[in-house]
Every structure is written in structure tokens, then in C-alpha cells.
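When reading the values below, keep in mind they use all heavy atoms of this one structure, side chains included, and skip hydrogens, waters and symmetry mates.
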Amino acid sequence: MHIRDGILGPEVCLMAGVISLGAVSYSLRRIRFDLEDRAVPLTGMLAALIFAGQMVNFPLLGLPVSGHLLGGVLAAVTLGPWAGCLAISMVLIVQAVLFSDGGLMSLGANILNMGVVGAWGGYGVYSTIRRTLGSSHAATVAAAVIAAWLSVLAAATLFCVEFLLSSHSSGFDPRGILTLMVLYHALIGVGEALITGGVLAYVLGRRPDLIPELGKAGPVGRVGGFAVSGVVLALAVASILAPFKSELPDGLDAVSEQVGLSALEVERPPLVLEDYAIPLLASWPQLSVSVAGILGTLIVFAGAAVLAGMTRRTASSIVTTDGSHGG
Amino acid sequence: MANTEPAAIELRRLTFQYPNGRIALDEITCSIPTGERIAVVGPSGAGKSTLLMHLNGLLPAPPITSDDKTQVFVHDRGVTRQRLRDIRRQVGFLFQDPDDQLFCPTVRDDVAFGPLNLGLSREEVMSRVEAGLAAVGMADCSTRNPSELSTGERKRVCLAGILACQPAILVLDEPTSNLDPRARRQLLEILRAFQGTLVVATHDLDFVIDLCTRVLVLESGKVQADGATEGILSDPLIMDRYGLEVPWRLRKP
Amino acid sequence: MVVDSRSSKQSLFQRMPGSIKLLMALAMILAAGLIPLENWPAHGLLIGIIYIGLSIAGVTTGYLLRRLALFLPLLLVFGLSAPAVRSDGAAWSWTISLWLRCTVSFLAGLWLIHVLPFRELLITLRRWRCPAVLIAMLGFMYRYTFILWDELHRLQNARAARDFGSGPWWRTWSTNSQMIGLLLLRAMERAERTHRAMLARGWDGSIRFLEFDE
């Protein structure tokens with residue numbers, strides 16, 4: 001998920017940096033208000049936890065690569081969106097400056113995609129769903145699972161936008177890039193959703209008091225939550241539906257055809273990798289994306305249901321043991 | 001005893017109940033004169049750490065101003081929220097796990113944390129940091145990362161951070177846990193050099209014999225025995241009843 | 001820990017102010033970003049300059065190659081995907097250009113982590129008027145990352161001691177999630193204890209730093 005330096009143009013990095021700077025400063029202001037004198041130890045520890053948690057490797061179905069936690073939604077659910085955004089930003093800063101992981105120039109873009117969209121956006125989705133479903137453990141886990149998946153897709157879409165805004169990407173087909181990114185991140189998102197749900201289910205079973213109730217948000221806060229989750233949802237939906245747009249050529253498509261950007265319809269010279277790498281993609285880009293999107297959605301919702309069920313079981317078993325102690 | 005000086009710490013029927021209803025401390029009354037070194041011993045879960053955390057207002061939310069509700073008095077002044085800063089300046093607290101206490105990236109930043117919070121001048125803070133590190137024999141480690149230090153060294157750095165605040169009373173929770181014999185001996189030397197009042201909660205009874213003059217046996221949140229170190233620790237009846245053992249050095253053949 | 005011991009090696013850059021080092025690395029990365037992608041000689045030149053810097057900083061070529069090897073698969077993925085979304089046949093040359101640009105930035109970052117210890121980074125940030133809360137949090141995070149890593153290793157060892165061979169993948173997923181969950185519980189409990197330790201030393205929420213003479 002980390003964007004390395006060189007992939008995005010400097011002008012895009014600057015823009016993303018300015019937005020991230022604003023987001024981080026705003027989070028800093030809010031957090032001292034929310035957590036008071038506990039802000040430093042709690043947020044610092046949360047950042048350390050996310051950093052350490054990212055070291056745990058999750059095997060990917062016999063593939064030689066492995067996934068890991070990103071943590072935006074997990075952080076936001078644990079300490080709220082402000083601390084969550086700060087924790088992710090700090091992890092990214094330390095990774096960029098001390099581990100040469102990610103990049104210095106693209107730090108702003110990384111914070112925007114993972115910290116702001118991941119924690120703020122993820123929390124917006126989470127709180128909206130939780131308001132609807134109620135505050136049971138099962139609802140909490142389900143809300144976090146869905147928020148995690150959507151936030152990863154939204155971040156991927158945002159990356160596409162950033163990449164296409166960079167000057168050196170002019171030869172690329174926007175839909176093609178989106179297709180690839182969504183395919184790839186539908187998978188990553190499922191992983192992130194399952195890990196987030198699993199961690200949260202475990203924590204809720206042991207120390208439910210650690211996961212705070214939703215803040216007493218007034219109407220303004222609620223509208224903000226809806227707005228943020230709307231944006232995240234729109235980005236995510238765009239990522240799944242955008243490849244379909246070629247079926248009904250609208251303004252954007254007409255323009256891109258004129259400029260010669262819509263490469264997917266053009267006969268391509270045969271390339272070595274085409275034989276085996278992404279045959280599905282080459283012939284059925286739209287279908288494969290939507291299949292991935294739908295499959296991902298199904299897996300996420302199934303995962304949410306299973307995890308929510310597990311929480312209910314653990315919660316009830318804890319209640320019974322407590323009861324037997326009391327009696 | 002005609003001791004006109006106010007007691008360093010006085011507990012008046014100190015009672016504490018956890019939010020889950022368990023009673024941790026049950027009407028503890030005790031007076032610790034200035035300069036005394038006292039040990040609090042007892043089985044795990046007896047309430048030792050809970051008791052210690054009352055001594056500088058860490059555990060219960062203390063009453064805001066009124067003296068009549070407080071049960072803990074430091075130098076004859078009740079622990080109230082208003083006086084919290086003042087009380088914490090007088091009472092230094094060494095926690096069991098040094099990693100909980102060393103939260104700065106370098107040793108000297110950590111030792112400087114307390115003095116900086118006292119609002120001292122830069123020069124004063126610097127000299128306190130130096131003096132604190134020198135007192136525990138860690139002067140040459142000031143720029144190191146605490147992660148690179150051994151447990152014993154980290155414990156000493158913690159102590160330096162507390163000594164740099166120049167407290168009159170030192171409260172120590174399990175100071176010798178996880179220490180190897182040499183580190184334990186070094187800690188003992190440092191604590192013996194300390195001039196003020198000492199309150200130590202520990203399972204290490206040999207350490208108590210070497211350091212303290214008085215012992216408080218705590219079990220189920222109650223004071224079960226209170227007296228001179230040798231008298232209590234060499235009494236097999238008391239020791240056995242509260243899950244302790246008479247140290248070899250005090251066993252009679 | 002690892003980072004600090006590596007970056008405290010004696011070198012020309014040790015006495016250089018942190019801001020200069022940070023700006024130098026940034027300038028390199030920015031230069032790589034501004035030079036047109038097709039201008040391979042210029043990128044090669046930048047790589048050469050950074051390589052000299054890395055040699056002065058005491059980084060061995062073997063280490064560099066190992067780090068670069070870790071970073072290759074990612075670009076391979078990028079390179080393999082590029083032709084699929086680009087029709088003009090320039091995909092491969094584009095990929096190689098991008099790879100060059102990324103390598104410049106990566107090496108510049110690598111140089112930075114070797115010459116800028118964490119403490120110096122914090123001092124630099126302080127000089128740059130970065131909010132004190134953020135610096136305090138960064139210091140806190142840095143300190144406890146190592147502790148949580150150790151704790152994680154202990155948890156992993158404890159699991160390995162009881163877990164014979166690898167189970168199906170979903171079991172690994174669930175135990176791994178539980179492990180992170182347990183780490184989260186412990187981390188938050190530790191944060192509470194640390195907060196208490198801070199209160200005991202007079203913490204009232206305002207951050208005070210001591211400027212030491214370097």
C-alpha cells in the first residue's frame with residue numbers, strides 16, 4: 001500500500017502534502033481536547049502497536065507473498081478518528097524517515113490515503129453503520145469489517161486519481177489503471193477487513209471497555225459522519241463501477257477517446273506477459289473487476305457475519321462464567 | 001515516643017474498593033515517621049500495589065479540596081486534588097516495570113522529564129539530570145536509548161528520574177523483581193544512600209532485612225502484622241499464615 | 001535500536017545538522033521527480049552521487065544490493081502491470097524509467113536512514129517548529145515500538161512452542177489476529193500504567209523539552 005517516491009509526480013505530492021498537513025494539524029487540535037493529558041501516551045502507544053502489528057505476516061493461500069494489517073480502521077475504532085489518523089501518520093513518518101519504507105516526498109500522499117481516508121473515512125463509515133445497527137459487539141465488529149474494506153478500496157481509488165494527475169502518467173488508460181488497482185485492492189481489502197474484524201472480536205471478548213462507545217456527536221457530527229462515509233462509499237463504488245462506464249460512452253469517455261487514452265479497446269501488440277499474467281483482465285476487464293468487487297463484498301459480509309457470531313459466543317460465555325463466579 | 005516532627009505518611013482507616021466491588025484495602029491505619037524505611041510484604045493480590053498508589057494520589061480520584069474525607073496524609077497534609085502537584089513533588093514512585101516508566105527516546109530526556117515538569121530552569125534541570133544519573137552510576141549512558149540497557153540499568157535510570165525530582169519520600173513497587181544479584185546489590189546500595197523516608201512493597205525478604213527497619217504484613221487488604229523487621233520476619237507463625245517464608249538468615253536452628 | 005546503532009557510525013555526515021541532511025535527501029528525491037522520465041543519464045548521475053554519499057556513510061555495496069533486492073518485486077509488479085494498461089508499446093521503457101526514478105529516491109532515503117539517528121530527527125523537527133505534542137508522541141512511539149516488537153516475538157515463540165506445523169491458512173489468520181488483539185490489550189494496559197508513571201512525575205499534559213547541547 002505504501003506509495004514509493006517516484007511513482008507520483010512532485011506536484012501531486014505537494015498537493016497531497018498540504019491536505020495531509022491540514023488533516024494532521026486538525027487531528028492534533030482535536031485530540032488534546034478529547035484525550036487531554038492522556039493524548040501522548042495513548043496515541044504514541046497506539047502508533048507503536050500498529051507498527052508492531054504490521055510485522056505480523058498473514059499467508060495468502062499458498063502464494064509466496066503475504067499480507068499484513070494496515071490498521072487505519074482498527075486505530076480509529078480503538079481511540080477515535082483523531083488519534084487514529086495521528087497514529088497512522090506517525091507510523092508512516094517513522095517508516096519513511098527511519099526505515100526507507102514508503103517515501104519522503106510521497107509521505108503526504110501516503111498519509112492522505114491511509115491516515116485520512118483510512119482513519120477518518122473508515123471511522124465515518126464505522127460510526128454510521130454502528131448508529132444504524134446498534135452498539136452490540138456483533139454490530140461493532142460488522143461495522144469495522146465493512147469500514148475496513150471500503151476504506152482500502154477508497155484509498156486505492158484515490159491512488160489512481162493521484163497517479164493520473166501526475167504528469168508522467170499521460171500515456172495510461174484511466175480505466176485500465178483503476179481496473180488493476182481495484183482487482184488488487186479488493187483482495188487486500190478483504191484481508192484488511194478480516195484482520196480488523198478478528199482483532200476487534202478478540203478485544204471485545206476480553207476487554208470490551210477498551211472499545212469506546214461512539215462519541216456524543218450532535219447533529220453536526222452526525223452530518224459529518226454521513227458526509228465522510230458518503231465520500232468513502234462513492235470512491236469505493238466508483239472503483240467497482242468505473243470500468244463499466246465504457247458500455248455507455250459519456251462525456252469522459254468521449255474525451256478520452258479523442259485524446260487517445262482509452263487503450264483497452266485498442267488492439268494491443270502481443271506482449272509476453274499477456275500469455276499468462278492477466279489473461280482474464282486482458283479479455284474481460286469489466287467483468288473481472290465487477291466479479292472481484294462482488295466476490296469481495298460477499299466475502300467481507302460473510303466474514304462480518306462469522307466474526308460477529310464469534311463475538312456473540314465469546315461474549316455470552318464470558319457472561320456465564322462471570323455469573324457462576326458470582327453465584 | 002516524643003516525636004514532634006509530623007509523620008511522613010499517615011493513613012487513617014484507608015479503605016478502597018475496586019469498581020467491580022472487590023475490596024482492596026480495608027480500614028488501614030498506619031503512621032510512618034519521617035526517615036523510616038518500611039517494607040510492605042504479603043502474598044500477591046494482598047493490596048500492596050494498591051496501597052502504594054494511594055500514597056501519591058494515583059489511584060482513587062482524591063476529593064477536590066476538603067481534608068475531612070481524605071484518608072491519606074503526607075507530612076500532615078491531606079492528599080486532595082488541589083495539592084496533587086505538591087504531593088507528587090514530595091513522593092517519588094518507582095514502578096515495577098521499568099519499561100512503563102522510561103518513555104523517552106533517550107536516558108537523559110527521561111531523567112529530565114520530572115524536573116522539567118517541576119518548572120525548573122534549564123541549568124537547574126541539567127544539574128539535576130547529572131546528579132541523578134551520577135547517584136545511580138549511569139552518568140555515561142545519558143544519550144543512550146533505554147531499549148539498549150539491561151533491566152538493572154533501566155531500573156537505575158528510573159530511580160535517577162525520580163531522584164532528580166528530589167522527593168522526601170520514596171515509594172518502590174517490587175524494586176528487585178527481574179534483577180540479577182549484582183543489579184540487586186547495586187540497587188540496595190543506592191537506596192541505602194537515600195536520606196528520606198522509604199516505603200517498599202516486595203516479595204524479596206532478604207532485601208527487606210538489608211534495607212528496612214519496620215515491616216507491615218498485608219493480606220486481604222488488612223494490616224495483619226506491624227513491627228520491627230527481625231521480629232516479624234523471624235516469626236514462623238506469622239510468616240506461614242500469610243503465605244510467606246522465614247528467610248534463611250533469620251531461621252533459628 | 002538497529003537503526004540507531006547503524007546510523008551512529010563515524011562519518012563525515014555525523015556533525016552535519018539534521019536539517020541539512022533531511023533537505024539534501026529531499027532535494028535528491030525532488031530532482032529525480034522533476035527530471036523528465038526519459039532522461040536516463042541524469043538519473044544515472046543522481047544514483048552515482050548518492051552512491052558516493054552512501055559509501056562515505058559507510059554503507060557496503062552488499063547491503064545496498066540486499067536492500068534493493070527487497071524492493072525489486074514491487075517494481076516488478078508495477079512493470080508487469082504497466083503494459084496491460086498502456087497500448088503504445090512504450091510500457092517497458094516507461095517502466096524502466098520509473099524504476100530508475102524510484103531507485104534514486106530509494107537510495108536517497110537509504111542514505112538518510114544511515115546518517116540521521118532518530119534523536120537528531122526529533123531535534124530537527126523541533127527546530128522546524130513541528131508541534132510539540134507530535135514530537136512527544138513520536139518519541140513515545142519510537143520507544144515503545146521496540147518493546148512491542150519484543151512482546152510480539154515472545155507471543156510468536158509461545159505460539160510456535162505449542163503449534164506443531166502449520167495448520168490451514170484460516171487458522172493462521174485467526175491466531176494471528178488474536179495475537180494482534182492480545183498485543184493491543186497489553187499495549188493499552190501499558191499505556192495506562194505509563195500514563196500513571198507520567199502523572200507520578202508531575203505530568204500535567206503540557207510538553208516541555210530540554211535543549212541539550214549537542
Which bit of [X] comes within less than 4.5 Å of chain C, counting heavy atoms only: side chain, backbone, both or neither?
| X | result |
| --- | --- |
| B/Leu116 | both |
| B/Leu102 | both |
| B/Phe103 | both |
| B/Asn56 | side chain |
| B/Asp110 | both |
| B/Arg85 | side chain |

> Pick from B/Cys165, B/Pro146, B/Gly114, B/Cys104: which one has the most heavy-atom pairs with chain C under 4.5 Å?
Replying inline: B/Pro146
>> Between B/Asp204 and B/Arg184 (salt bridge meaning N to carboxylate O under 4.0 Å), is one present in this structure?
In response: yes
> Any Lys/Arg nitrogen of C/Arg196 or C/Glu192 sitting under 4.0 Å from an Asp/Glu carboxylate oxygen of the other?
Replying inline: no
> Looking at C/Thr194, C/Leu122, C/Ile207, C/Asp204, which makes the most heavy-atom pairs under 4.5 Å with chain B?
Replying inline: C/Thr194
> Any idea which of C/Ala200, C/Ala191, C/Ser206 has the most non-hydrogen atom pairs under 4.5 angstrom with chain B?
Replying inline: C/Ala200
> Using the ring of each side chain (for Trp, its six-membered ring), is C/His114 parallel, tilted or perpendicular to C/Tyr63, with breaks at 30° and 60°?
Replying inline: perpendicular
> According to the interplanar angle, ranging from 0 to 90°, do the rings of C/Tyr144 and C/Phe140 count as parallel (below 30°), tilted (30 to 60°) or perpendicular (above 60°)?
Replying inline: tilted
>> Working to the nearest 0.5 angstrom, can you tell me the gap between B/Arg89 CZ and B/Leu118 CG?
In response: 5.0 Å
>> Using a 3.5 Å distance criterion without hydrogens, assess whether the side chain of B/Lys155 forms a donor-acceptor pair with backbone atoms of B/Asp97.
In response: no
>> Given heavy-atom pairs under 4.5 angstrom as the criterion, report whether the side chain, backbone, both or neither of C/Leu199 touches chain B.
In response: both
> Which atoms of C/Met141 come close to chain B, meaning under 4.5 Å heavy atom to heavy atom: side chain ones, backbone ones, both, or neither?
Replying inline: neither
>> Restricting to non-hydrogen atoms, name the atom on B/Leu187 and the atom on B/Leu179 that form the minimum distance, rounded to 0.1 Å.
In response: CD2-CD1, 3.9 Å
> Is a side-chain donor-acceptor pair under 3.5 Å present for C/Arg143 with B/Ser147?
Replying inline: yes
